[in-house]
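All residue numbers refer to positions in the sequence shown, counting from 1. Only this structure's heavy atoms are used, side chains among them; waters, hydrogens and symmetry mates stay out.
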Amino acid sequence: MSSAEPTEQTGPAVRSHPQHPQHAEHAQSPERVQHSQHPDHPQHAERPSRPAPMPGLAESARLLADSTTTSTALVADALARIEAAQPTLNAFRHLRAEAAIAEAAEADRRLAAGERLPLLGVPVAVKDDTDVAGLPTHFGCDGERPPVTADSEAVRRLRAAGAVIVGKTNSCELGQWPFTEGPAFGATRNPWNTAHTPGGSSGGSAAAVAAGLVPAALGSDGAGSVRIPAAWTHLVGIKPQRGRVSVHPHHDAFQGLTVNGPLARTVADAALLLDAAAGAHPDDFHRPPAVRASDAARRDPGRLRIALAWRPPLTLTGAGPDPEVRRAVAALAETLARLGHHVEEARPRYGLIGLTFVPRATAGIAEFAARHPEPALLDPRTRSALRTGTRLGGRVVRAARAREVRQHRRIGALFDTYDVLLTPTTAAPPPRIGTFDRLSAWRTDVTMAAACPYAWPWNVLGWPGINVPAGFTRSGLPVGAQLLGPSRSEERLIALAAQLEDDLRWYDHRPPIS
């Protein structure tokens, strides 16, 4: 960047702590969201016209290539939507307003000169655990951080594909929890019902995409942190194979549990963002062979053998799916059977996989927390995890990681009989904002494990999974289902998700705030 160009610091930090009216807890049903009022609008007032939805990722790229719109117009529209929604949703931690507009103008010049790239001029957002040069990376934490000097590898690749990064979205502290709330930035809220969380830890990215503030966003998933918020905001969320999208400047984030992945409203958009972000940094430990996600989204998956599993791994909570979650996932299974797939109930042999997850997760938290310049600002639950992770580091975590090969064999035996595993993404619909406030570390873990017992084993294994929208509760809250596969099976899962999307057209439903 030349000295004449605006830096990332020209955009404002977005730190609102919105307060929300009691009426937010009354969600619209999915059948009514196309005509719903803003909750602050009085009943007797004339209903305002609903703004046209922002085009999706692939549609934005097509409109730009066809000269139907400009990058400057798309980016300015995204920034205006973000600013307007921030007091309500609080999805963003930082914006790159001036820098993004300057980059959009440059993209317009390149487009006019005939240059074509997959995302040239398209606005996207990234989670605030991801380095963007010129901005700090807070990762949900309070306190001041200096701006980083270099892009992460994933952001470098998004820029190389032509994307314009408009800002960084909120995450809970160090990505630990399935909610996006904290003293550093307040609460990020669900556009389907602002009394409820969009999930976490990629809740800011999910809220931004679900509300149509950006066409797609990058998140990260260390225990379901892409798939859980995707389920709770009616999105497609892909957790790719470990190493598919680089986590550099980290080499093995959270002891190999965490991967970066896309959130989008359609399978094609999620696949396009995955293709753009995928690839290894020379220093990465994990380097799976390339996939062609966008091609897979246009491919017939064939007739597949699908195992439906209701029982989650052992969490000592006795958790099972909420009846409304079970109803929605069962309906999705019936759709798969109607599309010609063989679906039957089965039980993966999870074993005591949680005993290897806990050392890896807490050691990862300890590694990140130890870098914080002001440890006293960390949540007491984070400090508790830091102590646990320090005790379980070293030999214990090495032993936990060594068990992964046996876990691959034991759980992977399911795929000798089946092609895909289908489970609920979460056991419960999205909780209310504040559900986890003032809970101890232990009670937070227990409550979290009861609500979200299904996602994290695939982080231990390092294998891919996709959340697909499964429908809504009777009160209008979204829920999701996971399509899970063995190592390097993204293309099959994407093809199956696209087939479901063609049939169910979940993208037709939009939340009241969009």
| query | Are side-chain N/O atoms of Ser205 and Lys127 paired as donor and acceptor at under 3.5 Å? | reply | no
message = Walk me through whether Ile165 and Val124 qualify under side chain to side chain contact (heavy atoms under 4.5 Å, CB included).
response = CA-CA 5 Å; Ile165 311 297; Val124 299; 3.6 Å; yes
Side chain to side chain donor-acceptor pair (under 3.5 Å) with Ser220: of Asp129, Thr258, Asn260, only one passes, and it is Asp129
Q. Mind checking whether Trp177 and Thr444 have side chains closer than 4.5 Å, heavy atoms only?
A. yes
Whether over 12 other heavy atoms sit under 6.0 Å from Arg438 CZ:
no
* If only atom types and distance count, is the side chain of Glu181 paired as donor or acceptor with the main-chain N or O of Gly434 below 3.5 Å? -> yes
Sorted by chain and number, sequence neighbours left out, side chain to side chain donor-acceptor pair (under 3.5 Å) with Glu153 holds for Arg156, Arg157
task = Measure up the His509 and His234 rings against each other and bin them: parallel (under 30°), tilted (30 to 60°), perpendicular (over 60°).
result = perpendicular
- Kindly say whether Ala309 contributes a backbone atom to a donor-acceptor pair with the side chain of Glu345 at under 3.5 angstrom? no
Taking the side chain as every heavy atom from C-beta outward, state whether Asn459 and Lys239 have any atom pair closer than 4.5 Å. yes
Just by modelled atom types, is the Pro288 backbone N or O under 3.5 Å from a matching donor or acceptor in the Gln241 side chain?
no
May I have the list of side-chain donor-acceptor pairs in residues 448-457 shorter than 3.5 Å, sequence neighbours left out?
unit_1, atom_1, unit_2, atom_2, d
Tyr454, OH, Trp310, O, 2.5
Trp456, NE1, Pro453, O, 3.4

*Give a yes or no on this: more than 12 heavy atoms of other residues, nucleotides or ligands lie within 6.0 Å of atom CG of Leu352.*
no
| said: Quick one, Arg145 with His372, criterion side chain to side chain contact (heavy atoms under 4.5 Å, CB included). Give me CA distance, side-chain angles, the key distance, then yes/no. | reply: CA-CA 9 Å; Arg145 290 291 185 95; His372 197 285; 3.3 Å; yes
Ring centre gap for His408 and Trp463 strictly below 6.0 Å
yes
Determine whether Trp506 and Glu501 make a side-chain contact, defined as any pair of heavy atoms from C-beta on separated by less than 4.5 Å. yes
- Message: What I want to check is whether the side chains of Asp128 and Ser171 have a donor and an acceptor closer together than 3.5 Å.
- Response: no
Discussion item. I'd like to know if the side chain of His248 reaches the main chain of His250, judged simply by a donor and an acceptor atom lying under 3.5 Å from each other, with no hydrogens or angles considered.
Written reply: no
Note to self: Working note: Thr180 + Asn170, criterion side-chain hydrogen bond (donor to acceptor under 3.5 Å, both in side chains); need CA distance, chi angles, decisive distance, verdict.
What the structure shows: CA-CA 7 Å; Thr180 302; Asn170 277 328; over 6 Å; no
From the list Leu496, Leu484, Leu483, side-chain contact (heavy atoms from CB on, under 4.5 Å) partner of Leu422 resolves to Leu483
Checklist line | CA sep, side-chain torsions, deciding dist, call: Leu273, Leu158, side chain to side chain contact (heavy atoms under 4.5 Å, CB included) | finding: CA-CA 8 Å; Leu273 193 66; Leu158 289 176; 3.7 Å; yes
> In terms of ring plane angle, is the pair Tyr350 and Trp458 parallel, tilted or perpendicular, where the classes change at 30° and 60°?
Replying inline: perpendicular
Q. Can a donor-acceptor pair be found between the side chains of Thr356 and Arg403 at a distance below 3.5 Å?
A. no
Of Thr426, Asn467, Asp221, the one forming a side chain to side chain donor-acceptor pair (under 3.5 Å) with Arg227 is Asp221
* Is the CZ atom of Arg349 crowded by more than 12 outside heavy atoms at less than 6.0 Å? -> no
Practice item. Indicate yes or no for a side-chain donor-acceptor contact from Ser202 to the backbone of Ser225 under 3.5 Å, with no hydrogens or angles considered. Key: yes
* Side chain to side chain, Phe368 and Phe254, heavy atoms closer than 4.5 Å -> yes
Check whether any side-chain heavy atom of Thr197 lies under 4.5 Å from a side-chain heavy atom of Thr435, and answer yes or no. no
query = Between the main-chain N or O of Gly256 and the side-chain N or O of Arg242, is there a donor-acceptor pair closer than 3.5 Å?
reply = yes
task: For side chain to side chain contact (heavy atoms under 4.5 Å, CB included), just list the numbers for Ile411 and Ile353, CA-CA rounded to whole Å, side-chain angles, deciding distance to a tenth of an Å, and then say yes or no.
output: CA-CA 10 Å; Ile411 300 171; Ile353 192 171; 3.8 Å; yes
Side-chain (Arg93) to main-chain (Lys168) donor-acceptor, under 3.5 angstrom:
no
Is a side-chain N or O of Ser384 found less than 3.5 angstrom from the main chain of Pro380, in a donor-acceptor match?
no
### Query
Is it true that Glu404 and Arg401 have a side-chain N and a carboxylate O under 4.0 angstrom from each other?
no
TODO: Kindly indicate whether the side chain of Pro478, heavy atoms from C-beta on, has any atom under 4.5 Å from the side chain of Phe472.
DONE: yes
Open item on the list: If we ignore hydrogens and angles and just use 3.5 Å, is the side chain of Glu490 paired with the main-chain N or O of Ala293 as donor and acceptor?
Closed with: no
Verify, without hydrogens or angle tests, whether His138 (side chain) and Gly143 (backbone) share a donor-acceptor contact under 3.5 angstrom.
yes
